[in-house]
Amino acid sequence: MMMNGGEATEAELFLNCDDMSVLERQRVQLNYHQYHHPGFEPTLPCFFPNSSKMNVGEVDSFLPSAGLDLPEIYGELHGDARISVSPGNITTEFGNSKKRKFGCVDTETKVCNEKKKMMMMMDREVAVEEEEEEKSKVTEQCTRSIMKMKNKAKKEQNSCSNDSSKVTKDSQRTDYIHVRARRGQATDSHSIAERARREKISGRMKFLQDLVPGCEKITGKAGMLDEIINYVQSLQRQVEFLSMKLATVSPRLDFNIDDIFSKEVVSAPMMNLPNTVMPPHMMVNSGYPHDMVNSGYVHFNPMQQVVTSSDPLSCFNNGQSATMWDSEVQNLYTV
Amino acid sequence: MQPTSSMKEEFLQKWQMGLQIYRPLIDNTSVSERMKAIKLSADVAMASLRRGTTCWSRALIQKTATEDNFLVRQMLSGIKAETLINKKLPKVMCHRKIVRRSKKILRRRKSRSAIEEVAAKARKLVNKKTQGLRNVVPGGEFMSNDVLLIQETLDYIVSLQTQVNVMRSIVDAAEAGSER
């Protein structure tokens, strides 16, 4: 249940995601983090017991000047302040671009899938206010999952000292997400990255399953994609059909919104009943005089049936929202 | 995530704004002209709900800008219009012939086993489907990785549902109005 909640928030975060350039994203995130987490505390050691002293020292000296380094870092595409992950620190994580992360995984051997998911999520955040609450939920779950990871994690195999020289060189330019491999799974960085990607994709597909009607039983990726394609195409065709119908109904493109809404409000109680799913459909079927539309009409019928069963029939699911909308639109028109 | 009523309201507002632009131009034009006007303004309204945050919305605005630049500029206020219209999206170029040829060569070298073949076929099928999805979703060709593609599809589906709901209710109301 917890994870479901987390996934839902994740979805909303992702729905707000963008593919802004890496620079913009970093800028936004740094602003966000600076605004929300002024007291930045690096707490390395608890998570990386084997990390070399040089590592720790490096980071300690590096982080306080993180603010100063930022302008330099912006000059390079890959610049982010270097942060290692620890439970208390998750909220102050700076974002990376995806490419960057996978590139870093090559030099780091510890991979943690769930944490990566959370971090990817934070990558994608644009500083929107609605996301603040969700972020707190997310960070809670993040810390919980990291605890789980700690309990599950294997001992690291490569020593950090080998990488330390690389690290010190790159630390000013690149950022590292230290992750751990799950128990009983390959530690190859490529396969771990792939697995993270696959999990992400399957997570998104689950959301799509909820959106697209009639997909609960379909289990393969290919089948799901098929359904999604069909659904999107049917929605697009519906839009075309509806616009054509609108064009024929109103020769002057004036829909008389006030009129429409007053009548809508009157007929709204009718539409609320579940067994009135069909009537508008039938209304359209029976009374439509124009020849132009009739020919195209039969063609579209099956599609409409499919969609009427899934969509709530009208936007006015309760009379209240209808009246609210009515007043809203009237305000629009008085301006 | 289902289309919320606030989304529908916003869409309706923007769509009406677009239609206002068309109203003086269309008086006794043909049905197809009107349909085009309705559809274009609805598309731009739907895409502008996302304020340029998603790839599909930008691609859709660019597409309608090629058909009716004036409308797009009017509907989107100011700066955003310029950046959105003039931005060139990076296209993911895949020279299919070359890719196919190189894959064939690779295949000849690889040793086959039954399991591998099945897996390879399944992967091919999935790739075909994702390509089909890219064709359907606006701006799909520009989405380089699958995760992004699916995210965009999610958002696009929700916006399409909003659009369809609003348009259908308007149509039903308009018809009810004309019948009485």
Side-chain angles (χ1 to χ4, degrees), chain A residues 11-12 14-19 98 126 197 200-201 204-205 207-208 211-212 221-222 225-226 228-229 231-233 235-236 238-240 242-257 259-261 263-264 267 280 283-284 287 292 307 311 314-316 321 325 328-329 332, chain B residues 1-3 5 8-9 12-13 16 19 22-23 26-28 31-32 34-35 37-39 42-43 52-55 122 125-126 129-130 132-133 136-137 143 145-148 150-151 153-158 160-161 163-180:
Chain A
E12 292 186 84
F14 275 108
L15 284 174
N16 289 331
C17 85
D18 51 0
D19 53 350
K98 258 193 234 172
V126 185
R197 179 180 157 271
K200 252 193 275 179
I201 290 184
R204 306 284 187 278
M205 299 282 274
F207 284 117
L208 280 172
L211 262 186
V212 179
K221 248 200 246 182
L225 284 171
D226 233 356
I228 293 166
I229 293 175
Y231 186 58
V232 171
Q233 279 177 337
L235 282 177
Q236 287 173 340
Q238 272 208 318
V239 167
E240 263 192 57
L242 285 172
S243 61
M244 185 159 65
K245 215 157 50 130
L246 257 184
T248 50
V249 160
S250 65
R252 281 167 305 132
L253 285 190
D254 53 352
F255 300 136
N256 254 348
I257 292 286
D259 256 8
I260 290 174
F261 276 97
K263 278 162 189 157
E264 196 69 81
S267 56
M283 219 165 62
V284 159
M292 246 187 293
V307 187
D311 284 336
S314 58
C315 348
F316 310 106
S321 60
W325 197 353
E328 178 99 12
V329 172
L332 231 198
Chain B
M1 195 173 124
Q2 297 292 330
S5 56
K8 290 179 200 160
E9 287 180 38
L12 184 66
Q13 285 175 22
Q16 289 296 324
L19 287 176
Y22 268 113
R23 232 162 263 178
I26 294 185
D27 233 347
N28 287 317
V31 180
S32 54
R34 293 206 296 274
M35 171 175 118
I38 292 174
K39 183 162 187 304
D43 282 343
T53 49
T54 56
C55 188
L125 187 61
V126 170
K129 301 290 181 189
T130 44
L133 188 58
V136 177
V137 173
M143 297 173 206
N145 61 342
D146 291 344
V147 182
L148 183 65
I150 295 188
Q151 270 166 235
T153 313
L154 263 174
D155 199 40
Y156 184 55
I157 287 180
V158 172
L160 270 180
Q161 281 177 342
Q163 196 183 24
V164 166
N165 280 347
V166 172
M167 288 179 86
R168 189 184 298 138
S169 57
I170 297 266
V171 166
D172 292 343
E175 276 199 329
S178 65
E179 273 185 14
R180 291 178 199 185

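Quick caveat, the model's predicted, so the values are computed rather than measured.
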Applying salt bridge (Lys or Arg N to Asp or Glu O under 4.0 Å) to B/Lys39 and not counting sequence neighbours gives B/Asp43

The salt bridge (Lys or Arg N to Asp or Glu O under 4.0 Å) partners of A/Asp226 (sequence neighbours excluded) come to B/Lys129

Taking the basic N atoms (NZ, or NE/NH1/NH2) and the acidic carboxylate oxygens, is any pair closer than 4.0 Å for B/Asp146 and A/Arg204? no

Nearest non-hydrogen partners of [X] and [Y], listed with the distance:
{"X": "B/Val158", "Y": "A/Leu211", "result": "CG2-CD1, 3.7 Å"}
{"X": "A/Ala222", "Y": "B/Leu125", "result": "CB-CD2, 3.9 Å"}
{"X": "A/Ile229", "Y": "B/Gly132", "result": "CD1-C, 3.7 Å"}
{"X": "B/Arg168", "Y": "A/Gln238", "result": "NH2-NE2, 3.1 Å"}
{"X": "A/Leu235", "Y": "B/Ile157", "result": "CD1-O, 4.2 Å"}

Distance col, row A/Ile201:CD1 vs B/Asn145:CG, nearest 0.5 angstrom, shows 8.0 Å

Between the CE atom in A/Met205 and the CD1 atom in B/Ile150, the distance rounded to the nearest 0.5 Å is 5.0 Å

Within-4.5 Å side-chain heavy-atom neighbours: B/Ile170 and A/Leu242: no

